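The sequence lines fix the lettering, A, B, ..., with proteins before strands; numbering per chain opens at 1. What you see is a predicted model; the values in this text were computed from it and never measured.
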Amino acid sequence: MARVDAGGRGRGSATIRAPMSIVTRFAPSPTGLLHIGGVRTALFSWLQARRHGGKFILRIEDTDRERSTDAAVRVIVDGMHWLGLDSDEGPYYQTQRFDRYRAVIREMLAAGTAYHCYCSKEELEQMRAEQTARKEKPRYDGRCRDRQAPVAGVPPVVRFRNPTDGEVVVKDLVHGDIVFRNAELDDLIIARSDGTPTYNFCVVVDDADMGITHVIRGDDHINNTPRQMNMLTALGHVPPAYAHVPMILGPDGAKLSKRHGAVSVLQYEEEGYLPDALLNYLVRLGWSHGDQEIFTREEMIALFDIGDVNKAASAFNPEKLLWLNQQHLMRARPSAVARYLKPHLARLGLPTDNEALIEGVIVAQRERTKTLKEMALASRFFFTDAVDYDAKAVAKHLTADARAMLVTLRERLAALATWDAPAIHAAIETFAAELALGLGKIAQPLRVAVSGGTVSPPIDQTLALLGRARTLARLEPGRY
RNA sequence: GCUCCCUUCGUCUAGAGGCCCAGGACAUAGCCCUCUCAAGGCUGUAACACGGGUUCGAAUCCCGUAGGGAGCGCCA
């Protein structure tokens, strides 16, 4: 396991920053909706910054104007906000920095670290085809490297002049040293023939300008890293520290896709997950702290270190997420949960103004529901008198005998001196003893009459929360 | 094809040579608790990819093999 210390220092050429302080960034491209894979990368970057009192920057990499969408940008911004992954700077948009990229390209052209290439796409395609036929790695052969004169009428692309000898060592915080021979690297295009800069180049300029000290990204970028480091070096910068984190697989072990996992992160809000639970689940994918499974946000910040992240990809396990969500539901302060439950109540058309009732419901329901959506659904009868009576439950539990029994029980409840769970419990127990019935014979009919179904929190707690007036109203004969 | 990365229970992981005939968690099976559903408790099934080394001793170090993955774009 790599234990390299954070030595990278970005010497921003546009802005000057405190050299020893950590700066990380999350740089998604808005070509698809932000999903949990991206969120975990964001989380790791955010944690690394927060842990070390550094800065976290959000940067939208939208240089692919064809495929970038506003909807995707919105999901990134809204998703990060929902999750509480606040950034200290940004969001920056690469499309707003084109002038800067062009300026750097001009510098490189002048310095000779970049050059014009007039090869046509067809020509390049043919070159690659020949190389593939020879079982070689397809790569640009550098035929325009030393070209002196432009080709009339052909708008050139700009290529980076990659060193041909020696090697590049990526001191990766999670993988350890990774060595690449420069001979394996070809001259990549940094500006298209229409003048727009390409991804690998923009990243380099931005990371340098923004003073990024730790680049934390998916390990699908490992192969881009040596060239980015070469460009950074060519521009006179010291490359930052890199940490390539493994990807997240679907539950079936295959690449994350729609249907499982690769849905918008906002989908998890809709399904009733707590931000902290999702973050807790995600942080444990590739990272651990002994046997601890449950982490508060504060604990994650205090304990996380990018150097402790695993190298192997991990599969997304929805069941464990569900379990963790409930664990957080049970541990969080009810007032904190209330904030997130309200939207779900509202979606069901239920009132959200009774804070005391909402918090009571949370306490009563949290150990029997795994999501907020489920909790809201199971708690409808607390908020509305329009109770849905389950026909099967009514038929089974509200028999003639039971109905008669409830009439008497209603009187007992009406006569109670105090209306709280212990008093209600005592009354029901006494009543059951008198009738020589098991508690279940009383509780189930009562539960169906009051909630409409066979499942609810303990009956005494349920009635206490519902209140005397509503309880008695629901026990009115003919009501159910 | 070439380059690079990865490999402990079904899944997430602990494990930095003896504490490991491998621990925890989810899931799963059984039991307990019990007014429903849960939550909780206890118990069980279940893994070091394979082969060689090194060593008194290897899940841990080295070398191979196999299997997965990524990249090789005027995509990011």
Side-chain angles (χ1 to χ4, degrees), chain A residues 1 3 27-32 61-64 66-68 94 117 119-121 124-125 128 131-140 155-159 170 172 175 178-181 184-186 188-194 196 198-200 202-203 218-226 244 246-247 249 251 253 255 281 284-294 310-324 326-327 330 365-370 378 393 397 425 428-429 432 438-444 446-448 451 453-460 462:
Chain A
M1 179 68 53
R3 283 295 150 82
S29 82
T31 52
E61 312 223 318
D62 54 354
T63 52
D64 182 356
E66 303 281 293
R67 300 193 302 150
S68 295
Q94 290 188 323
C117 166
C119 297
S120 66
K121 288 183 185 180
L124 295 172
E125 220 164 273
R128 278 192 279 264
Q131 289 164 331
T132 306
R134 270 182 268 130
K135 295 193 187 306
E136 284 171 19
K137 179 188 200 168
R139 55 204 295 280
Y140 179 65
V157 298
V158 178
R159 286 184 187 271
V170 180
D172 194 284
H175 291 274
I178 306 172
V179 183
F180 292 86
R181 289 180 306 128
E184 289 293 335
L185 276 22
D186 64 357
L188 82 167
I189 292 174
I190 60 177
R192 305 180 180 92
S193 50
D194 66 0
T196 58
T198 60
Y199 163 77
N200 270 295
C202 298
V203 169
D219 64 9
D220 50 334
H221 285 282
I222 288 182
N223 291 295
N224 290 330
T225 307
H244 289 97
M247 51 191 280
L249 273 18
K255 200 167 166 182
Y281 176 72
R284 284 284 291 100
L285 247 35
W287 177 83
S288 61
H289 179 71
D291 286 339
Q292 188 171 345
E293 295 287 351
I294 299 165
N310 278 161
K311 296 190 266 207
S314 41
F316 175 67
N317 183 342
E319 278 97 34
K320 188 159 183 179
L321 204 212
L322 232 22
W323 172 78
L324 252 181
Q326 183 169 26
Q327 292 301 315
M330 292 191 294
Q365 296 284 38
R366 61 189 176 185
E367 62 192 34
R368 64 204 87 241
T369 57
K370 293 182 188 298
H397 297 284
H425 187 81
I428 294 175
E429 224 165 35
L439 215 49
K441 286 281 186 280
I442 309 287
Q444 276 311 77
L446 183 52
R447 174 170 281 120
V448 175
S451 76
T454 56
V455 175
S456 89
I459 198 65
D460 48 355
T462 299

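Residue A/Leu188 contributes atom CG, which lies 16 Å from atom C1' of B/U3 at whole-angstrom precision. Rounded to whole Å, the distance from CZ on A/Arg447 to P on B/C37 is 9 Å. Atom CZ in A/Arg134 sits about 15 Å away from atom P in B/C2, given to the nearest Å. Regarding A/Gln365, its CD atom lies at a distance of 12 Å from the C1' atom of B/U36, rounded to whole Å. With rounding to whole Å, A/Lys135 atom NZ is found 7 Å from B/G1 atom P. Protein atom NE2 of A/His175 is 9 Å distant from nucleotide atom P of B/C5, rounded to whole Å.
For A/Pro458, whose side chain is taken as the heavy atoms from C-beta onward, the closest listed nucleotide among B/C37, B/C35, B/A14 is B/C35. Proximity note for A/Ala315 (side chain, C-beta onward) versus B/U13, B/U11, B/U36: the nearest is B/U11. In this structure, the nucleotide among B/A39, B/C35, B/C37 sitting nearest to the side chain of A/Ile459 is B/C35. Checked against B/C12, B/A14, B/C35, the side chain of A/Asp460 finds its nearest nucleotide in B/C35.
The partner of B/G18, taking Watson-Crick or G-U wobble pairs whose two distances both stay under 3.5 Å, is B/C56. Shown here, B/G71 forms a base pair with B/C2; the pair counts as Watson-Crick or G-U wobble because both key distances fall under 3.5 Å. The base-pairing partner of B/A49, taking Watson-Crick or G-U wobble contacts with both distances under 3.5 Å, is B/U65. For B/G10, the paired nucleotide is B/C26, the pair qualifying as Watson-Crick or G-U wobble because both relevant distances are below 3.5 Å.
Rounded to a whole angstrom, the distance from the C1' atom of B/A59 to that of B/C37 is 43 Å. Across B/G64 and B/C75, the matching C1' atoms stand 37 Å from one another, rounded to whole Å. A distance of about 16 Å separates the P atoms of B/G67 and B/G51, rounded to the whole Å. For B/U7 and B/C50, the C1' atoms lie 11 Å apart once the distance is rounded to whole Å. Nucleotides B/C20 and B/U60 place their C1' atoms 11 Å apart, quoted to the nearest Å. On the C1' atoms, B/C4 is 27 Å away from B/U11, given to the nearest whole Å. Taking the C1' atom of each, B/A16 and B/A22 are spaced 15 Å apart, rounded to whole Å. The separation of B/U45 from B/C9, taken at their C1' atoms, amounts to 10 Å, rounded to a whole angstrom.
Between A/Phe180 and A/Ile222 the shortest side-chain heavy-atom distance falls below 4.5 Å.
Between A/Ser314 and B/C12 there is no side-chain polar atom (N or O) within less than 4.0 angstrom of OP1 or OP2. One finds a side-chain N or O of A/Gln327 lying less than 4.0 angstrom from the OP1 or OP2 phosphate oxygen of B/G40. A sub-4.0 Å separation between OP1 or OP2 of B/C2 and a side-chain N or O of A/Gln131 is absent.
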For this session: Any chance you could list the contact pattern along nucleotides 17-33 of chain B? Use B for base contacts, S for sugar-phosphate-only contacts and - for none, protein heavy atoms under 4.0 Å, 5' to 3'.
Result: ------BBBBS------

For this session: Determine, for nucleotides 62-76 of chain B in 5'-to-3' order, which nucleotides have protein heavy atoms under 4.0 Å from the base (write B), from only the sugar-phosphate (write S), or from neither (write -).
Result: --------BBBSBBB

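Nucleic acid contact for A/Phe180: sugar-phosphate only, since backbone atoms but no base atoms lie under 4.0 Å from a heavy atom of the residue.
Evaluation of the salt bridge (Lys or Arg N to Asp or Glu O under 4.0 Å) rule for A/Arg139 yields no partner, not counting sequence neighbours. Listed by chain and number, the residues in a side-chain hydrogen bond (donor to acceptor under 3.5 Å, both in side chains) with A/Thr198 amount to none (sequence neighbours excluded). Residues passing the salt bridge (Lys or Arg N to Asp or Glu O under 4.0 Å) test with A/Arg192, sequence neighbours excluded: none. Remark: A/Asp186 engages A/Arg227 in a salt bridge (Lys or Arg N to Asp or Glu O under 4.0 Å) (not counting sequence neighbours).
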